[in-house]
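Keep in mind that the numbers below use all heavy atoms, side chains included, and drop hydrogens, waters and symmetry copies. Atoms within each ligand, like the ligands themselves, are counted from 1 in listed order. Index from 1, following the sequence.
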Amino acid sequence: MLVGKVQDLSKQIIIPSVRLFSSSSSQPDSEYAAASVDYKTASPFNKIPVEPFRNLLIRYLQDKNYRQKYHLLFKELHEKHGPIFKLRIPGQQTSILLEHPEDVKHLLNNDGKNPIEPGFKFFVEYRQNLRKDLFPETAGLGGSQGEKWYEVRSKVQQDMLRPKSALFYIDEITEVSDDLLDLMVGGGTGDKEIVPDVSPFLYRWSLEAVCTIFLDTRIGGLDVNPSQDAKDMIRCSMIVLGPVVMKLTFGVPLWKLYRTKNLDDFDMAFERMHIISSKFIAEAKKRFKTNNITDPDKMSVLQKLIHKCGPDSKIPEVMAIDALGAGIDTTGNTAAFLFYHLASNPVQQEILYKEIKDKLGDEKLTPAILNQMKYLKAVQHESQRLMPVVSGFSRITQKDMVLGGYQIPTGTHVSFLSMGPMLSEKHFKNADAFVPERWLRDCPQKHNAHPFAFIPFAHGARMCIGRRFAELEIQILAIQTLRKYQLVYEGESPVEMLTELLTKPDKPIPIRFIPR
Ligand code: HEM
């Protein structure tokens with residue numbers, strides 16, 4: 001029975017569009033001996049090198065820019081200890097840190113049917129205990145582990161990851177992107193040619209896109225005078241996704257003992273977002289019933305979920321909450337980094353503009369045309385490689401395995417700083433340079449990195465379920481922007497990454513939008 005279920009879900013998993021080059025990796029499997037050791041003959045767990053927490057603490061206190069150099073710090077730690085080491089953080093489970101993509105491949109390929117992401121523990125506790133009243137049927141993807149997680153994932157997976165599902169939104173996302181440009185640049189009238197910081201606008205853009213897809217509504221977040229719902233959604237999402245979550249997730253869990261201010265702030269904002277999204281979903285359910293759409297190809301993602309889960313199911317609501325939680329600042333910051341990379345790399349920007357002009361001209365975007373835009377996708381990958389918004393992820397191992405040549409028993413907390421290999425010379429030549437060509441087949445610069453050296457959306461059964469939507473949003477935004485404007489970075493110093501719960505720009509990103 002269980003085996004049958006695993007096969008069902010794996011059949012639904014659609015292989016992501018990023019090409020995973022498996023042939024000529026820079027460090028082939030055979031060269032990485034640690035990957036092929038048998039469990040019995042592997043070194044014991046207690047021999048894994050340990051990085052004392054106090055060293056990190058001292059480092060943190062000595063260097064104020066520590067969070068801007070996260071990947072450099074971990075690079076140093078791996079140089080000191082090798083591809084695997086242990087970190088004991090007081091009050092937290094000891095974590096094993098991995099560096100080599102081959103170990104990560106092994107970890108994720110042996111993740112079992114229900115991978116466990118320990119990083120979601122605050123959300124699990126919040127949704128399953130503290131505010132169970134808001135989650136009567138399911139705590140959703142972000143709030144569940146094990147069988148409970150699988151129950152939701154197996155219902156939403158296919159409709160979310162099928163490329164057609166995202167492409168359904170080409171027109172809507174084009175409209176949302178045009179509205180952003182109108183709001184941000186003033187329709188190219190020249191009066192707002194320099195936008196002092198694109199990030200807050202891009203945050204509103206990604207909120208609007210998520211609502212368009214998962215609430216089946218435009219909430220008006222890009223209006224000059226946003227509605228009360230839109231204003232509340234913008235304000236509350238900044239709290240729900242802001243520093244309080246970092247403290248609730250990684251700080252000393254005082255919220256388990258009493259209602260801390262952080263918990264209070266989070267809870268109030270979350271409840272308001274829940275009320276707004278439930279209202280829009282109730283309206284969408286009514287419309288769906290009245291319009292009586294029966295052809296799944298004509299259904300929006302929300303309608304598909306209502307259709308599949310039943311009109312009384314709460315899964316569509318919880319999926320929307322998950323999308324609002326996981327899809328706003330990830331996509332918004334990815335777009336901000338992309339704007340920065342384009343604006344500060346005029347040559348590559350021009351190549352992309354030429355591709356857009358050649359393939360699209362003044363026509364409306366279609367899936368077929370989008371499919372031909374290879375340089376666009378290369379630019380997107382390269383920007384994500386250089387500035388990935390998700391710095392890493394964790395798993396609790398589901399079975400005994402060998403990682404880095406050591407025995408790793410079932411139930412071990414293992415983390416991978418995925419940004420490490422993305423920024424490493426070991427995997428990408430001239431790793432600091434913006435070279436979209438490395439993603440193009442038949443290009444001399446084409447990379448030959450290990451397939452797991454670039455997994456910005458993770459991989460396997462628990463990989464990002466919003467990936468298709470995020471990629472489509474970013475690509476359409478780039479197209480609509482470059483069609484209308486040439487971008488020039490106006491900052492005095494380069495933008496760097498600042499790693500919090502997610503990675504964001506370390507400073508405002510001022511951009512000059514020159515009408516074409
Ligand atoms: C560029 C934008 C995005 C990036 C880089 C990104 C990255 C990721 C990564 C790496 C994970 C796996 C985390 C882990 O294993 O611990 C993840 C999970 C997830 N993402 Fe995204 N994401 C993005 C956008 C979105 C969007 C637009 C949505 C909207 C639906 C979304 C929804 C989710 C959800 C619900 C999960 C949890 C999946 C599960 O546990 O089954 N993400 N994302």
Heavy-atom proximity to atom 36 (C) of ligand 1, best of T331, I321, D329, I465: I465

M497 CE to T503 OG1 distance, which is reported to the nearest 0.5 Å: 6.0 Å

Within-shell test, P456 vs ligand 1, heavy atom, strictly < 4.0 Å: yes

Close N or O approach (R153, ligand 1; < 3.5 Å): yes

Contact (N/O only, under 3.5 Å) between R467 and ligand 1: no

F469-F214 aromatic ring centre distance below 6.0 Å: yes

Ring centres under 6.0 angstrom apart (F454, W439): yes

Side chain, backbone, both or neither: the part of E473 lying under 4.0 Å from ligand 1 by heavy atom: neither

Face-on cation placement of R385 at F428 ring, 6.0 Å and 45° thresholds: yes

Heavy-atom nearest option to atom 4 (C) of ligand 1, drawn from W149, F120, F457: F457

Electrostatic pair E175:R218 at N-O distance under 4.0 angstrom: yes

A326, C464, A470, G327: member with heavy atom nearest to atom 43 (N) of ligand 1: C464

Any R395 heavy atom less than 4.0 Å from ligand 1: yes

From the candidates V156, V152, T334, I116, the one that places a heavy atom nearest atom 1 (C) of ligand 1: T334

Donor-acceptor under 3.5 Å (E208 side chain, G221 main chain): yes

